[in-house]
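Below: the structure, in structure tokens.
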Amino acid sequence: FKGLPMLGEANNPSEQTELFRYKLQLCKIVFDFDKNEENSTSTLQNGPHSSTELLYGKELKRKTLLELVEYVNSERGQKIFAAVNMMEEVIDMVSINIF
């Protein structure tokens, strides 16, 4: 998440599409937002993570999800759905986070 440009900063439609797809993939990482991570460790995909790392990851994911929502609600972002299989990828990411 860290170091990635904002979707609006992408230079051309192709770059926007690839960045959007990448951010969708990152948002498929599942965190337990109901669990209080204070003074605990947890396992997330590639091993144990401290409570600070988990809180940081949750915040980055939250911000990225908000960016995706804002982007698709913009005139420029509406065009992203013209890309091949984009709607399927969005639905996949949403379903992973809802269920």
Side-chain angles (χ1 to χ4, degrees):
F1 296 104
K2 190 175 181 181
L4 290 176
M6 300 292 285
L7 288 163
E9 296 172 356
N11 295 323
N12 58 59
S14 177
E15 188 178 317
Q16 286 175 344
T17 300
E18 290 310 308
L19 184 58
F20 190 87
R21 284 184 202 277
Y22 186 70
K23 289 187 178 201
L24 281 176
Q25 292 300 314
L26 290 174
C27 288
K28 289 181 181 181
I29 298 170
V30 178
F31 291 92
D32 184 353
F33 281 86
D34 291 329
K35 184 179 177 187
N36 181 358
E37 301 295 344
E38 197 170 307
N39 298 322
S40 68
T41 59
S42 183
T43 301
L44 181 68
Q45 284 190 346
N46 59 354
H49 296 272
S50 71
S51 60
T52 303
E53 290 171 323
L54 290 172
L55 290 172
Y56 183 70
K58 286 179 183 181
E59 182 61 16
L60 285 174
K61 180 175 179 175
R62 185 188 70 77
K63 287 180 179 180
T64 302
L65 286 167
L66 288 173
E67 179 191 7
L68 292 174
V69 169
E70 288 176 18
Y71 185 75
V72 298
N73 283 320
S74 71
E75 186 176 328
R76 188 177 184 189
Q78 288 293 305
K79 297 173 185 171
I80 199 78
F81 294 108
V84 176
N85 299 326
M86 187 60 75
M87 187 60 78
E88 289 176 32
E89 292 183 45
V90 170
I91 291 170
D92 186 46
M93 186 274 297
V94 170
S95 67
I96 285 170
N97 282 283
I98 290 178
F99 303 111

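Here, residue 1 is the first one in the sequence, and each next residue gets the next number.
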Output yes when a side-chain donor or acceptor of K61 lies under 3.5 Å from a complementary backbone atom of I29, and no otherwise. yes
Donor-acceptor check, side chain of N97 to backbone of C27, threshold 3.5 angstrom: yes or no? yes
Any side-chain hydrogen bond (donor to acceptor under 3.5 Å, both in side chains) pairs touching residues 78-92, not counting sequence neighbours?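 For residues 78-92, and leaving out neighbouring residues, the side-chain hydrogen bond (donor to acceptor under 3.5 Å, both in side chains) pairs sorted by first residue read R21-E89, K28-D92.
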side-chain contact (heavy atoms from CB on, under 4.5 Å) filter on P5, not counting sequence neighbours, yields E9, L19
Between OG1 of T64 and CG of L24, what distance do you get to the nearest 0.5 Å?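 Atom-to-atom, T64:OG1 and L24:CG are 10.5 Å apart.
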Quick check for you: to the nearest 0.5 Å, what is the distance between F81 atom CZ and M86 atom CE? 8.0 Å
With heavy-atom distances below 4.5 Å as the criterion, would you say the side chains of L26 and L4 are in contact?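 Sidechains of L4 and L26: in contact.
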Taking the side chain as every heavy atom from C-beta outward, state whether V90 and F20 have any pair of such atoms under 4.5 Å apart.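 In contact.
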Please report, to 0.1 Å, the donor-acceptor pairs under 3.5 Å made by any side chain of residues 66-73, with sequence neighbours excluded.
| from | atom 1 | to | atom 2 | distance (Å) |
| --- | --- | --- | --- | --- |
| E67 | OE1 | K23 | NZ | 2.6 |
| E67 | OE2 | L7 | N | 2.6 |
| E67 | OE2 | K23 | NZ | 3.2 |
| Y71 | OH | Q16 | OE1 | 3.1 |
| N73 | ND2 | V69 | O | 3.0 |

In one Ile/Leu/Val/Met/Phe/Trp/Tyr side-chain cluster, 4.5 Å: L65, M6: no
